[in-house]
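Heavy-atom basis, side chains included; hydrogens, waters and symmetry copies ignored.
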Amino acid sequence: MTDELLVVRCRLGEREAFAELVRAWHDPVWNYVRGMLGPSRADDVAQEVWVAVVRGLPRLREPGRFAPWLFTIARRAVADRLREEYARPEVPAEEERASADPGDLADPADALVDRADLLAGLSGLPVREREVLVLFYLQDLSLEDCAQICAVPVGTVKSRLSRARRMLRDRLTERGYRR
């Protein structure tokens, strides 16, 4: 069933239609949020995204454009979380490690060395560059959809992708990663 039809059914009050939307889009949203914020914060922010979706579905003008709309909401949730974190006073690294939740330290999905290197490289990129890499490569969104989500022209997305690929390649090379 198409997203457009599911959105229309949701507007008519069908709970099963919303459950289908969540089943179809939970992993892509969670992976996007995880790519932007890391695994320890992904669950909370992804949940915030779905709450915003429930509230906003009645106002969605074009049900056929659900995916870009959804990732726009996710982008705002990530930006809000980053803004909150940047506003907090910085904690020295030793205190942060001592107070870390043991569950946050190990992410079983990151067991492969290549994947860990890639995630470390991604996490070191500036937010704008990381965002377009995650949306374009990990979420398989088109350049046009990425541009709509990021509220920038397609040319800007292309230049950010180019810069992000170069920065990621340089970071991975510094860490000793070879093809």
Check: Can you list the residues that meet the side-chain contact (heavy atoms from CB on, under 4.5 Å) rule with Ser142, with sequence neighbours excluded?
Finding: Glu144, Asp145

Would you tabulate the side-chain donor-acceptor contacts of residues 50-57 under 3.5 Å, counting partners in other chains and residues two or more places apart, or write 'none'?
none

Note to self: Quick test of your reading: applying side chain to side chain donor-acceptor pair (under 3.5 Å), list the pairs with at least one residue in residues 148-160, sequence neighbours left out, ordered by first then second residue.
What the structure shows: Arg65-Gln148

Check: Of the non-hydrogen atoms in Cys10 and Leu21, which two are nearest, and what is the gap between them?
Finding: SG-CD1, 3.7 Å

Margin query: Is there a path of hydrophobic side-chain contacts, each under 4.5 Å between heavy atoms, that joins Trp25 and Val8?
Written below: no

Next item on the list: Mind jotting down which residue pairs meet the salt bridge (charged side-chain N to carboxylate O under 4.0 Å, His left out) criterion with at least one end in residues 35-51? Sequence neighbours excluded, please.
Entry: Arg41-Glu85, Glu48-Arg81

Notebook entry, point to check: How close do Val132 and Leu161 get, heavy atom to heavy atom, and via which atoms?
Noted result: O-CD2, 3.7 Å

Next item on the list: Kindly determine whether Met167 and Arg163 satisfy side chain to side chain contact (heavy atoms under 4.5 Å, CB included), including the steps that lead there.
Entry: CA-CA 6 Å; Met167 292 170 80; Arg163 185 171 46 253; 3.7 Å; yes

Checklist line | Partners passing side-chain hydrogen bond (donor to acceptor under 3.5 Å, both in side chains) against Asp80 (at least two apart in sequence or in another chain) | finding: Arg83

Item checked: CZ-SG distance between Phe136 and Cys150, expressed to the nearest 0.5 angstrom -> 12.5 Å

Next item on the list: Quick one: pull up CZ in Arg59 and CZ in Arg61 and give me the separation to the nearest 0.5 Å.
Entry: 10.5 Å

Note to self: Minimum heavy-atom separation for Val49 and Ala74, please, with both atom names.
What the structure shows: CG2-CA, 3.6 Å

Next item on the list: Apply side-chain hydrogen bond (donor to acceptor under 3.5 Å, both in side chains) to Glu20 and list each qualifying residue two or more places apart in sequence or on a separate chain.
Entry: none

Note to self: To the closest 0.5 Å, what do you measure between CG (Leu141) and CD1 (Ile149)?
What the structure shows: 5.0 Å

Next item on the list: In sequence, state the C-alpha distance, the side-chain angles, and the governing distance for Leu133 and Leu122, and then conclude on side chain to side chain contact (heavy atoms under 4.5 Å, CB included).
Entry: CA-CA 9 Å; Leu133 276 178; Leu122 268 176; 3.8 Å; yes

Checklist line | Nearest-0.5 Å distance, CZ of residue Arg165 to CG of residue Leu125 | finding: 12.5 Å

Next item on the list: Sequence neighbours left out, what passes salt bridge (charged side-chain N to carboxylate O under 4.0 Å, His left out) with Arg128? Give chain and number order.
Entry: none

Check: With a 4.5 Å heavy-atom cut-off, do Leu138 and Tyr32 have their side chains touching?
Finding: no

Note to self: Testing the basics here: between Met36 and Val78, what is the closest heavy-atom pair and its distance to 0.1 Å?
What the structure shows: CB-CG1, 3.7 Å

Next item on the list: List for me each residue that meets salt bridge (charged side-chain N to carboxylate O under 4.0 Å, His left out) alongside Arg23, sequence neighbours excluded, and say none if there are none.
Entry: Glu16

Next item on the list: Quick one: pull up CG in Asp27 and CD in Gln139 and give me the separation to the nearest 0.5 Å.
Entry: 9.5 Å

Item checked: Partners passing salt bridge (charged side-chain N to carboxylate O under 4.0 Å, His left out) against Glu14 (at least two apart in sequence or in another chain) -> Arg9

Check: How close do Val33 and Ala46 get, heavy atom to heavy atom, and via which atoms?
Finding: CG1-N, 4.4 Å

Item checked: Sequence-distant partners of Arg75, salt bridge (charged side-chain N to carboxylate O under 4.0 Å, His left out), two or more places apart -> Glu131

Item checked: 4.5 Å side-chain heavy-atom contact, Glu4 and Phe66 -> no

Notebook entry, point to check: Got a second to check how far Ile73's CD1 is from Leu70's CG, nearest 0.5 Å?
Noted result: 6.5 Å

Margin query: Checking Val7 against Leu12 for the side chain to side chain contact (heavy atoms under 4.5 Å, CB included) test, could you report, in this order, the C-alpha distance in whole Å, the side-chain angles of both residues, the deciding distance, and whether it holds?
Written below: CA-CA 9 Å; Val7 168; Leu12 294 173; over 6 Å; no

